[in-house]
Amino acid sequence: MIGLSQTPRVVAFIAAAGCVGAAVLLGSESVASTSHRLRPPAPTSASNRRAAVRDAERLLDLAPLSLPSSAVRLSAEPPGADKLLVAPPKEPVRQIIDRYAWWRVPAAFDSVVAYVQAHRPPLPSGPYSVSGGGEGGPGVPKKQMFSYWFRPVGEVISMRALTFNAVALSGGGTGVFVDARETWVVPRAPSEQVPAGVHVVEVTSARPGMPAIASRTVTTAAKVRRIISLVDQMPIVQPGVTSSCPGLTGSHPDVTFDFRAAVGRPILAEARVTDYGGLSGPCNPVSFSIHGRRQDPLIGSDFLTRIHRLLGIRFQ
């Protein structure tokens with residue numbers, strides 16, 4: 001049960017976590033005195049990182065609420081943990097924020113695990129997963145891991161997790177390592193948009209070195225605006241994500257979008273994606289260039305499916 005002395009901290013955390021995205025986006029200027037809401041500034045990498053650091057620290061502050069009151073916080077792995085509660089290595093992906101701490105609980109392992117299971121962090125969370133065995137063996141201490149996944153925060157924080165690792169200490173009692181981990185979003189730069197003045201979009205589908213499978217020159221203003229809007233709304237592929245992508249095999253056409261001011265005029269921007277079932281993700285991004293300069297790759301999701309519906313053409 002949460003004591004009265006802990007209640008203000010819990011309430012403050014819930015309010016802060018629920019509003020962290022708005023706080024980052026709105027800043028300190030009040031809109032109450034105006035008759036209309038001011039347009040919030042777009043998030044930046046720096047502001048998103050600061051928000052993730054603050055939120056990870058708040059998540060870690062929840063740990064004592066899921067541990068018995070006898071738990072004592074430590075600055076390093078407790079004796080008798082046999083290096084099963086060491087700090088994780090630094091992640092190569094720069095957007096990951098990691099905040100962690102250790103606790104020693106004088107109670108037996110099974111009772112501590114039961115307590116943690118019965119006292120989930122006081123925030124709405126997404127999928128809850130349990131991994132790792134609760135049984136030990138000859139020379140192997142009991143251990144258990146609990147992971148809580150919290151809702152993302154808009155375009156600010158894409159992943160929020162709080163993990164409890166419990167180990168039966170060789171000298172008695174239980175050691176607990178708690179890890180608050182978050183991934184902040186690198187936003188797309190405002191300059192990486194289709195330039196103004198585009199009135200024509202040429203769409204071509206072709207396998208490398210082969211004649212075009214389909215092509216269409218789009219000049220209807222509403223359809224041109226719709227294609228531009230779909231491209232401008234795409235998020236970028238987050239740094240470090242593509243390093244774990246499997247190889248994509250098979251012969252699939254590339255779909256190219258050339259953005260021009262008029263038919264026959266120079267290309268102002270170009271988007272290209274390989275048609276793997278109409279979907280585009282981090283492993284099959286949309287390449288994008290402006291005036292011939294390559295920009296950050298984009299995640300198109302069902303972009304090609306939407307274009308197919310808009311124009312009524314098939315790309316394969």
Side-chain angles (χ1 to χ4, degrees), residues 1-3 5-6 9-10 13 17 49 52-123 125-150 157-184 240-241 243-244:
M1 177 177 293
I2 299 173
S5 62
Q6 295 173 313
R9 182 176 61 164
V10 177
F13 175 81
R49 186 184 187 282
V53 169
R54 291 194 298 267
D55 196 56
E57 291 170 349
R58 294 184 182 115
L59 283 183
L60 188 60
D61 283 343
L62 290 177
L65 305 178
S66 297
L67 295 172
S69 59
S70 58
V72 177
R73 183 166 177 169
L74 306 175
S75 60
E77 182 186 55
D82 298 327
K83 297 185 179 180
L84 294 174
L85 297 179
V86 295
K90 186 176 181 180
E91 290 283 351
V93 180
R94 67 183 177 92
Q95 307 96 277
I96 293 181
I97 301 298
D98 210 359
R99 295 292 183 269
Y100 49 80
W102 293 264
W103 277 264
R104 185 186 184 282
V105 187
F109 174 83
D110 291 338
S111 66
V112 173
V113 169
Y115 190 96
V116 174
Q117 287 178 310
H119 296 78
R120 297 179 61 174
L123 269 183
S125 61
Y128 165 62
S129 64
V130 179
S131 59
E135 296 297 329
V140 180
K142 291 183 177 181
K143 58 183 183 296
Q144 184 76 58
M145 182 174 75
F146 304 88
S147 293
Y148 300 90
W149 301 86
F150 299 93
I157 303 173
S158 60
M159 186 274 288
R160 307 164 69 209
L162 187 65
T163 299
F164 291 76
N165 284 280
V167 171
L169 301 177
S170 60
T174 305
V176 182
F177 176 77
V178 183
D179 189 2
R181 180 169 294 198
E182 309 214 359
T183 303
W184 51 276
V241 172
S243 60
S244 59

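If you're wondering where the values come from, they're calculated on a predicted model, not measured in any experiment.
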Worksheet item: Has the side chain of Glu77 got a donor or acceptor atom that lies under 3.5 Å from a matching backbone atom of Leu84?
Response: yes

Worksheet item: Does Arg49 CZ have over 12 foreign heavy atoms under 6.0 Å away?
Response: no

Worksheet, complete the sentence: Nearest heavy-atom contact between Ser147 and Thr163 is OG-OG1, 3.2 Å

Discussion item. side-chain contact (heavy atoms from CB on, under 4.5 Å), that's the test. Do Arg160 and Leu123 meet it? Break it down for me.
Written reply: CA-CA 12 Å; Arg160 307 164 69 209; Leu123 269 183; 4.3 Å; yes

Practice prompt. Locate the shortest heavy-atom distance separating Phe146 from Val116; write the atom from each residue and the value.
Written response: CD1-CG1, 4.0 Å

Worksheet item: If you measure from OG1 on Thr174 to CH2 on Trp103, what distance do you get to the nearest 0.5 Å?
Response: 14.5 Å

Worksheet item: CZ/Arg181 to CG/Leu162 distance, rounded to the nearest 0.5 angstrom?
Response: 12.0 Å

Worksheet item: Atom CZ in Arg99, atom CG in Leu60: separation rounded to 0.5 Å?
Response: 9.5 Å

Worksheet item: How far apart are the closest heavy atoms of Ile157 and Ala52, and which atoms are they?
Response: CD1-CA, 3.8 Å

Fill in: Close side-chain approach of Phe150 to Pro121, heavy-atom, < 4.5 Å
yes

Worksheet entry | Closest contact, heavy atoms only, Pro78 versus Gly175 | CG-CA, 3.9 Å

Discussion item. Tell me the closest heavy-atom pair linking Pro68 and Val105, and the distance in Å.
Written reply: CG-CG1, 4.0 Å

Worksheet entry | Donor-acceptor contact below 3.5 Å, side chain Thr183 vs main chain Ser158 | no

Discussion item. Under the criterion side-chain contact (heavy atoms from CB on, under 4.5 Å), I'd like the reasoning laid out for Leu85 against Asn165: C-alpha separation, chi angles, the key distance, then a yes or no.
Written reply: CA-CA 7 Å; Leu85 297 179; Asn165 284 280; 3.9 Å; yes

Discussion item. Pair Val113, Lys142 - check side-chain contact (heavy atoms from CB on, under 4.5 Å), show working.
Written reply: CA-CA 10 Å; Val113 169; Lys142 291 183 177 181; over 6 Å; no

Fill in: CZ on Arg120 to OH on Tyr148, rounded to 0.5 Å
6.0 Å

Fill in: Leu59 versus Ala180, closest heavy-atom pair with distance
CB-CB, 4.0 Å

Worksheet item: How long is the gap from CZ on Arg73 to CH2 on Trp102, to the nearest 0.5 Å?
Response: 10.0 Å

Discussion item. Once you measure the plane-to-plane angle for Tyr100 and Phe177, does it fall in the parallel (<30°), tilted (30-60°) or perpendicular (>60°) bin?
Written reply: tilted

Discussion item. To the closest 0.5 Å, what do you measure between CD (Glu57) and CD1 (Ile97)?
Written reply: 9.5 Å

Discussion item. For His119 and Leu65: C-alpha separation, side-chain torsions, deciding distance, then whether side-chain contact (heavy atoms from CB on, under 4.5 Å) applies.
Written reply: CA-CA 7 Å; His119 296 78; Leu65 305 178; over 6 Å; no

Discussion item. Treating Trp184 as the side-chain partner and Gln95 as the backbone partner, does any N or O pair qualify as donor plus acceptor under 3.5 Å?
Written reply: yes

